Student: 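This is the structure I want to talk about, given as structure tokens.
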Amino acid sequence: MRKLKLLFGVHNHQPVGNFDHVFEELFEKSYRPYFDVLEPFESLRTAAHFTGPLLEWMQKHRPDFFKRLRDLVRAGRLEMMSGGFYEPILSSLPEEDAVGQIRMMNEFLEAEFGQPPRGLWLAERIWSPTLPGLLSQAGIEYTVLDDTHFYYAGLETNQISGHYITENQGHALKVFPISKTLRYSIPFDLPEKTLEHLKRFRDESGFDAVTYADDGEKFGGWPETYEWVYEKGYLKNLFAALEANRDWLETVTFSDYIQSTPPVGRVYLPMASYDEMMEWALPHRAASRFEDFKEQLKERGLLEEDGYRTFLRGGQWDNFLTKYEESNLMHKKMLYVSRKVHRLTLEQQKESGALRELYRGQCNCAQWHGLFGGLYLNYLRHALYNHLIAAENIADALLGGNDRGLQVEVLDYNHDGHEEVIVSNPLMTAGIVPAYGGAVFELDCRPVCFNLSNVLKRREEAYHRQLEKADAPHTVGEGQPASIHDRVRAKEPGLRDRLFYDANERYSFMERFLPPGTTLTDMKSSRYRELGDFTGQPYEVMRRPDAAAGAPFELELRREGTVAGDAGAHPVRVNKQYAFDPDRGGMTVSVTVTNTGDRALNMLWAEEFNFTLLAGDAPDRYYLSPGFGSERPRMNSEGELSGVKRFGLCDEAFGFSLMLESEPEGAWWWYPAETISQSEEGFERTYQGSCLLNVRLLRLNAGEVCGATWNLTLSVAGEETFQAKGS
């Protein structure tokens, strides 16, 4: 009897920046028990991929687990797969970084497990047609992709089996198609159902081999799966069923299969990922239409038809860089720092630790969002910035010395066709975007490697439509857990009432002109009326003298705009000047508002700032102001304060504070910016940062001018150790 070959692999990953207790929990609930169950089934041949952050954690905290894996590898029962060490999206990296990450993983696996890897797990299975050349440089022979990729190439179901060969400019690579049917069946169907699928693959489709490869966290780590997979014996029953059916079903490793079986044929695959990722990458309106269209096809019985799969596709991973500007800024920070690191010698890159810090800052998870929290998890974004700033600190110190003074660069940093201004010294980096309100989009406290501007905009998501039916978790029968793709639940009631959407990115030093009756509640709920056309609009660069070494630097911006009034749009000029000192962690920003029209103006002027200390309800992150006395309002509080010039933030956990001093004083408003997003646990509310507004009533007759100045100071513990507390 002809046997069906089953290529079975798991991908185990924890992102850079995840909490240690999460590593611990997932190890005990998923990674360790999976191999506890697998080990006794000696006839099974499987593959596994562990990402670098997880390997490093296990090496430090569970070194005995490496011996278990080593024994399985030596026995020929387990194949270890390579990948970018810190799980980057390879196609989004400079080529030298992509190859470097793979080689780092190859060297680690060979040193620890005694065999050089032949195959690679491609992060999120994000494929680019140029990858064969890149992977061949790193010595990789094969990878695994979704059957989705093959449908997009025009193949039909009965053609998608075994493995294919693809190439780019003569660089060949073998590719295995992962069965979506098996991905959705394991571990959620009973083993008998999975065996039925496998029999159909052999008998009806005529397959010689079929691939299952998916997240190892599905085996105990996903919600409600531990009881099913281990306590109720699902995984043991599955492996027993595979072993009991060896007369027609055989598990083999990928390397053994390509050694004994030629490719089905040659294929050229378009840029793609698994179909869920393609859908998540769409802008929210397009994603909603796509979802509705799929539902229509489903009702007509056409959704699973081969003839339509080729044409039913969403976006591509790179769309996240336009869907979320925060993702784009992380990506461009990475490119910016990579260029600096690669100006070092190879010896400097490795011995200084700059290269490893750069690689850690390239982990993919915080750069996109779908079913998992990803981009919406502020601590994951912080981790990337933390490592990138650390790499930048090392590179700058080696390239220019610790006493390098003020450095100014003018470049198209975010690749939007406009120039940005990057000002830095050893204490601080500030990124200014003249084309977007002349605002500050990045503010780094470099001694503690912390980006205070890492605040996510509140935006509409296609899945917000599901909040109406959010409910408790459910099972699908016989104790089987529902897949996280099918679960809809909220982690707390009333989330729909907390859906607010921002009109602008959450930058700092943005001028808002508002009706006099505007309230803090209006601002928090995004129900205010913007009278001016200054926020998010282009400012003209008036003066940008070159920064001489060790000298101060000033940047002068201007916008001739309008403010809406009873008689229509009213002309107003705003001048903004940034001033930086080489030895200071901070800046002075002066703004003047001129009524250039022939009628009087009466409005509120709110200068907006957005900063994060990551934790909204931690006692060691709080607001500072003389007006609070001995109180320490936490970052998730809201309120109004008048009669004080100084208002700031203190972070005792990381050891720094930020103080804003306004002249004249104005009033201070503050509130938390919180998002509603989906995760594998359900819909959740997440603190993203805090919005501060310095508000003053502005009455300007024709030709009159009004101005304000803000001194922003970053203090690090050991310098001005929290002198601002209560002062």
Side-chain angles (χ1 to χ4, degrees), residues 8-15 18-41 44 46-51 53-55 57-58 61-62 64-66 68-69 72 78 87 121 182-195 212-243 276 365 370-374 377 380 470-492 678-684:
F8 193 103
V10 291
H11 155 66
N12 300 315
H13 170 54
Q14 290 302 312
N18 213 352
F19 300 116
D20 192 70
H21 71 83
V22 177
F23 281 82
E24 175 81 33
E25 179 183 2
L26 268 296
F27 181 84
E28 295 300 332
K29 291 180 66 174
S30 182
Y31 312 134
R32 181 190 56 75
Y34 173 88
F35 284 93
D36 285 346
V37 175
L38 175 65
E39 210 163 5
F41 293 95
L44 299 186
T46 66
H49 171 247
F50 293 85
T51 62
L54 185 52
L55 288 170
W57 184 89
M58 292 191 303
H61 298 281
R62 298 291 189 277
D64 55 316
F65 189 69
F66 272 37
R68 295 184 64 186
L69 298 179
L72 290 171
L78 179 67
E87 197 67 357
W121 178 269
L182 293 183
R183 273 206 307 123
Y184 273 58
S185 179
I186 300 171
F188 304 106
D189 286 338
L190 292 169
E192 305 91 89
K193 183 70 173 178
T194 300
L195 285 175
Y212 168 83
D214 208 353
D215 296 346
E217 293 77 23
K218 294 172 73 171
F219 300 95
W222 281 14
E224 303 164 49
T225 58
Y226 183 82
E227 180 184 9
W228 169 248
V229 171
Y230 299 114
E231 293 180 353
K232 293 189 175 181
Y234 164 82
L235 188 60
K236 183 178 180 180
N237 294 337
L238 174 67
F239 287 160
L242 296 180
E243 199 168 65
E276 298 97 335
C365 303
L371 181 61
F372 301 91
L377 301 179
L380 293 186
D471 204 346
H474 61 280
T475 58
V476 295
E478 299 190 41
Q480 298 162 242
S483 167
I484 55 176
H485 299 282
D486 302 320
R487 302 166 81 250
V488 182
R489 61 166 299 197
K491 295 174 70 174
E492 63 177 285
Q678 70 176 356
S679 72
E680 64 271 33
E681 295 287 349
F683 289 104
E684 61 188 10

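Only a predicted model underlies this, so the values are computations on that prediction, with no experimental measurement involved.
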Student: Measure the acute angle between the ring planes of Tyr34 and Phe219, then classify it against the limits of 30° and 60° as parallel, tilted or perpendicular.
Tutor: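 The arrangement is tilted - the two ring planes meet at 30° to 60°.
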Student: Mind listing the closest non-hydrogen atom pair of Leu78 and Phe35 along with its distance?
Tutor: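 So the two residues come closest at CD2-CE2, 4.0 Å.
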Student: Is any side-chain heavy atom of Asp215 closer than 4.5 Å to a side-chain heavy atom of Val10?
Tutor: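 Not in contact.
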Student: Do Tyr234 and Ile186 have side chains that approach each other closer than 4.5 Å (heavy atoms only, starting at C-beta)?
Tutor: yes
Student: Using modelled atom types only, decide if a donor and an acceptor are shared between the side chain of Ser30 and the backbone of Gly216 within a distance under 3.5 Å.
Tutor: yes
Student: Do Glu276 and Leu371 have side-chain heavy atoms sitting under 4.5 Å apart?
Tutor: no
Student: For the residue pair Leu380 and Asn18, what are the closest heavy atoms and their distance?
Tutor: CD2-N, 3.9 Å
Student: Taking the side chain as every heavy atom from C-beta outward, state whether Thr194 and Tyr212 have any atom pair closer than 4.5 Å.
Tutor: no
Student: Does a side-chain N-to-carboxylate-O contact under 4.0 Å join Lys236 and Asp36?
Tutor: no
Student: To the nearest 0.5 Å, tell me how far Phe188 CZ sits from Lys193 NZ.
Tutor: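 Spacing of CZ (Phe188) from NZ (Lys193) equals 15.5 Å.
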Student: Between the main-chain N or O of Lys232 and the side-chain N or O of Glu227, is there a donor-acceptor pair closer than 3.5 Å?
Tutor: no
Student: Of all heavy-atom pairs between Leu26 and Gly221, which one has the smallest distance, and what is that distance?
Tutor: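 Taking Leu26 first and Gly221 second, the nearest heavy atoms are CD1-CA, 3.6 Å.
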Student: Calculate, to the nearest 0.5 Å, the distance between atoms CZ and CG belonging to Arg68 and Asp64 respectively.
Tutor: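 The distance works out to 8.5 Å.
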Student: Do Leu44 and Phe8 make a side-chain contact, defined as non-hydrogen atoms from C-beta onward lying under 4.5 Å apart?
Tutor: no
Student: What is the distance from atom OG1 of Thr225 to atom CG of Leu235, rounded to the nearest 0.5 Å?
Tutor: 11.0 Å
Student: In Å and rounded to the nearest 0.5 Å, what is the CD to CG distance from Gln14 to Leu55?
Tutor: 12.0 Å
Student: Is any side-chain heavy atom of Phe372 closer than 4.5 Å to a side-chain heavy atom of Glu217?
Tutor: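 Of all side-chain heavy-atom pairs linking Glu217 with Phe372, none is under 4.5 Å.
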Student: When you measure from the side chain of Trp121 to the backbone N and O of Thr51, does any donor-acceptor pair fall under 3.5 Å?
Tutor: no
Student: Nearest 0.5 Å, what's the CZ-OH distance between Arg62 and Tyr31?
Tutor: 12.5 Å
Student: Closest approach of Val37 and Phe239, non-hydrogen atoms and distance?
Tutor: CG1-CD1, 3.8 Å
Student: Quick check: closest heavy atoms across Glu684 and Leu377, and the distance to 0.1 Å?
Tutor: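 That would be OE2-CD2, 4.0 Å.
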Student: Please work out whether the ring planes of His13 and His11 are parallel, tilted or perpendicular, with thresholds of 30° and 60°.
Tutor: parallel
Student: Is Glu24 close to Phe19 at the side-chain level, that is, under 4.5 Å between some pair of heavy atoms?
Tutor: no
Student: Phe27: which residues meet the ring pair (Phe, Tyr, Trp, His ring centres under 6.0 Å) condition with it, sequence neighbours left out?
Tutor: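 With sequence neighbours excluded, Phe27 shows a ring pair (Phe, Tyr, Trp, His ring centres under 6.0 Å) to Trp57, Phe65, given in chain and number order.
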Student: Any chance you could measure Lys29, atom NZ, to Tyr226, atom OH, to the nearest 0.5 Å?
Tutor: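 Reported to 0.5 Å precision, the distance equals 8.5 Å.
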